[in-house]
Engineer: 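Just dropping this structure here.
Keep in mind that the numbers below use all heavy atoms, side chains included, and drop hydrogens, waters and symmetry copies.
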Amino acid sequence: GGYLLASLSAIVIGQYFEEYRSSAAMAATLVAFLVQCAAFIWVFMINKTLKASLGIFIPCLILFILYKGMGN
């Protein structure tokens with residue numbers, strides 16, 4: 001789940017700032033790394049499986065909707 005969340009965040013950031021290709025790629029990669037670390041911490045910090053799963057999959061759903069809304 002954390003990898004999916006990080007990948008989707010990198011895709012959305014990269015496409016949102018597509019005018020600045022090199023800066024967007026670097027920023028998206030750094031943000032994706034931070035998101036992956038935060039997702040890892042989130043999952044092991046929460047005691048309930050449902051709450052941990054929803055904390056990962058709801059942002060994934062939002063990012064996927066943003067990705068599809070950008071015209072791809």
Engineer: Calculate, to the nearest 0.5 Å, the distance between atoms CE and CZ belonging to Met26 and Arg21 respectively.
Structural biologist: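 With rounding to 0.5 Å, CE (Met26) is 16.0 Å from CZ (Arg21).
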
Engineer: Assess whether side-chain contact (heavy atoms from CB on, under 4.5 Å) is satisfied between Phe17 and Ile13, documenting all intermediate values.
Structural biologist: CA-CA 6 Å; Phe17 296 107; Ile13 291 170; 4.1 Å; yes

Engineer: Please determine whether residues Tyr16 and Leu66 belong to a single hydrophobic cluster, defined as Ile, Leu, Val, Met, Phe, Trp and Tyr linked transitively by side-chain heavy-atom distances below 4.5 Å.
Structural biologist: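 Hydrophobic grouping puts Tyr16 with Leu66.
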
Engineer: Of the non-hydrogen atoms in Gly2 and Ala39, which two are nearest, and what is the gap between them?
Structural biologist: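 Scanning both residues completely, I find the closest heavy atoms to be CA-CB, 3.8 Å.
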
Engineer: If I compare all heavy atoms of Gln36 with all of Ala6, which pair ends up nearest, and what's the gap?
Structural biologist: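 Looking at all heavy atoms of both residues, the shortest contact is OE1-CB, 3.9 Å.
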
Engineer: Work out which heavy atom in Ala28 is nearest to a heavy atom in Gly14; give both atom names and the distance.
Structural biologist: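 Looks like CB-N, 4.0 Å.
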
Engineer: Using every non-hydrogen atom in the two residues, find where Pro59 and Leu54 come nearest and quote the distance to one decimal.
Structural biologist: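 Answer, listing the atom of Pro59 first, then Leu54: CD-O, 3.8 Å.
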
Engineer: For Leu8, which residues count as a side-chain contact (heavy atoms from CB on, under 4.5 Å) partner, sequence neighbours excluded?
Structural biologist: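 So Leu8 forms a side-chain contact (heavy atoms from CB on, under 4.5 Å) with Leu4, Cys60, Leu63, Phe64.
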
Engineer: Hey, could you give me the OG1/CG distance between Thr29 and Leu34, rounded to the nearest 0.5 Å?
Structural biologist: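 Going from OG1 on Thr29 over to CG on Leu34, the span is 11.0 Å.
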
Engineer: How long is the gap from CE on Met45 to CZ on Phe40, to the nearest 0.5 Å?
Structural biologist: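 Between Met45 CE and Phe40 CZ, I get 12.5 Å after rounding to 0.5 Å.
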
